[in-house]
Amino acid sequence: MTLTSSWQSPSNIALVKYWGKHGIQLPRNPSLSFTLSACRTEMKLEVTLHAATPGVTVFYDGQPKPAFEPKIKSFFQRLDDRLPWLKTASVFIDSINTFPHGAGIASSASALSAMALCLADIDNQISQQPLETGIWLQDVSRMSRLGSGSASRSVFPVASVWGKSKSVAGSSDEYAIPWQQEIAPVFHDYQDTILIVSASEKSVSSTMGHDMMNDLPYAPARYKQADQHLSSLVEIMKTGEDPGSFISICESEALQLHALMMSGPNPFMLMAPNTLAIIQNVWRFRKETNIPVCFTLDAGPNVHLLYPKSYHADIHAWVNSELISFCAEGTYISDQAGAGPSRI
Ligand code: 2P0
């Protein structure tokens with residue numbers, strides 16, 4: 001019997017960063033992210049149950065991608081208990097990303113959450129259970145986490161919290177929870193203009209970055225501060241009335257993430273000179289205009305500009321006149337907090 005499922009799932013950008021893990025992808029501190037719209041993975045899965053030759057075949061953009069297979073196989077092993085039929089199934093995976101190839105945008109969050117959605121959907125077809133959005137999405141978020149920690153947060157629209165925090169009722173290290181209902185309307189379509197400083201592959205994997213935290217003397221202080229930042233940010237985002245504090249936490253989180261990587265016994269630097277040039281421009285522009293735009297960074301050189309939608313025209317005029325020269329081949333992506341995954 002062959003079953004199919006197709007889902008699209010977005011990437012996300014963390015405001016409070018997940019950096020440091022233990023056990024099977026359990027976070028050392030809670031994190032909070034915006035779920036994006038334009039940057040997503042569209043995936044189709046075909047599963048043949050009780051196959052003569054069980055295994056995984058991966059296509060990306062219509063081409064075979066055997067290089068992706070080891071990570072997917074280890075993800076499937078972690079799902080053995082939850083999806084026992086996977087062990088004897090043959091799985092064919094085909095996906096595309098909507099963001100430009102080689103834009104240096106991490107795709108593990110969108111790809112692994114799309115895969116968890118397809119697998120959970122197929123599991124429902126096998127057990128003939130109807131989709132239940134609440135508990136079902138919690139289960140999908142837990143499965144996504146086993147593939148990639150940040151993927152757990154992509155399952156919910158607009159914003160998510162992953163990791164136990166005393167400030168967030170119902171939060172868990174096992175799965176992310178939706179956070180849209182709790183935040184002020186200004187954040188429901190918050191803008192994220194992603195300036196592509198470098199389109200090349202990351203030189204240091206997230207896995208190496210997470211591992212580095214295990215031996216870092218600053219790590220306990222970092223986890224404590226991330227926890228405090230999350231507690232403050234959830235209060236700030238409920239009202240939306242303190243843009244100064246929102247900015248301060250977002251930028252501090254971004255720079256701490258990079259500072260941690262510069263502080264280990266084998267330090268590395270994921271910013272590029274143009275990353276710094278853009279950051280200095282953000283600080284100058286904000287001072288001159290009073291527009292509440294701030295930056296955040298992922299584990300790479302690209303810069304995410306975060307701001308309310310009402311400033312879209314001002315920010316784009318500034319990006320096109322002053323920042324585009326710092327972008328690789330003038331590339332940037334206009335994204336915003338968005339609707340979350342959907343069946344396709
Ligand atoms: C985050 N990042 O919170 C942080 C901030 C990047 C910078 O989570 O090892 O690919 O698969 O759990 O999720 C990127 O790491 O790591 C990440 P794994 P993941 O978004």
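None of the values given here were measured: they were computed from a predicted structure. Remember, it's 1-based here, ligands and their atoms both numbered in the order they're listed.
Atom OH of Tyr218 sits in a sparse spot, with 12 or fewer heavy atoms from other residues, nucleotides or ligands closer than 6.0 Å.
Under 4.0 Å from ligand 1, the heavy atoms of Ala14 that appear belong solely to its side chain.
Not less than 6.0 angstrom separates the ring centroid of Tyr307 from the ring centroid of Tyr190.
Less than 4.0 angstrom separates some heavy atom of Lys21 from each of these atoms of ligand 1: 9 (O), 12 (O), 18 (P). Near Ser148, meaning under 4.0 Å from any of its heavy atoms, are these atoms of ligand 1: 10 (O), 11 (O), 12 (O), 13 (O), 18 (P), 19 (P). Heavy-atom proximity to Ser108, at under 4.0 Å, picks out these atoms of ligand 1: 10 (O). Of all the atoms in ligand 1, the ones that sit under 4.0 Å from a non-hydrogen atom of Asp298 are 5 (C), 6 (C), 7 (C). Every atom of ligand 1 is numbered from 1 in the order shown, and the set under 4.0 Å from a heavy atom of Leu257 is 7 (C). Those atoms of ligand 1 with a heavy atom of Ser150 less than 4.0 angstrom away are 8 (O), 13 (O), 19 (P), 20 (O).
At least one N or O atom of Tyr18, backbone or side chain, sits closer than 3.5 Å to an N or O atom of ligand 1. Between His210 and ligand 1, at least one pair of N/O atoms sits closer than 3.5 Å. Taking any N or O of Val16, backbone or side chain, none lies under 3.5 Å from an N or O belonging to ligand 1.
With hydrogens and angles left out, the side-chain atoms of Lys166 and Ser171 include no donor and acceptor closer than 3.5 Å. The closest side-chain donor-acceptor pair between Arg40 and Thr98, if any, does not fall under 3.5 angstrom. Between the side chains of Asn320 and Tyr332, at least one donor-acceptor pair of N or O atoms lies under 3.5 Å.
A search for side-chain contact (heavy atoms from CB on, under 4.5 Å) contacts involving Ile96 returns Glu42, Asp61, not counting sequence neighbours. Here Phe156 pairs with nothing under the ring pair (Phe, Tyr, Trp, His ring centres under 6.0 Å) rule; sequence neighbours left out.
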*Evaluate salt bridge (Lys or Arg N to Asp or Glu O under 4.0 Å) for Arg82 paired with Asp139, printing each intermediate quantity in order.*
CA-CA 10 Å; Arg82 174 65 187 79; Asp139 187 34; 2.6 Å; yes

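At least one heavy atom of Arg153 lies less than 4.0 angstrom from ligand 1.
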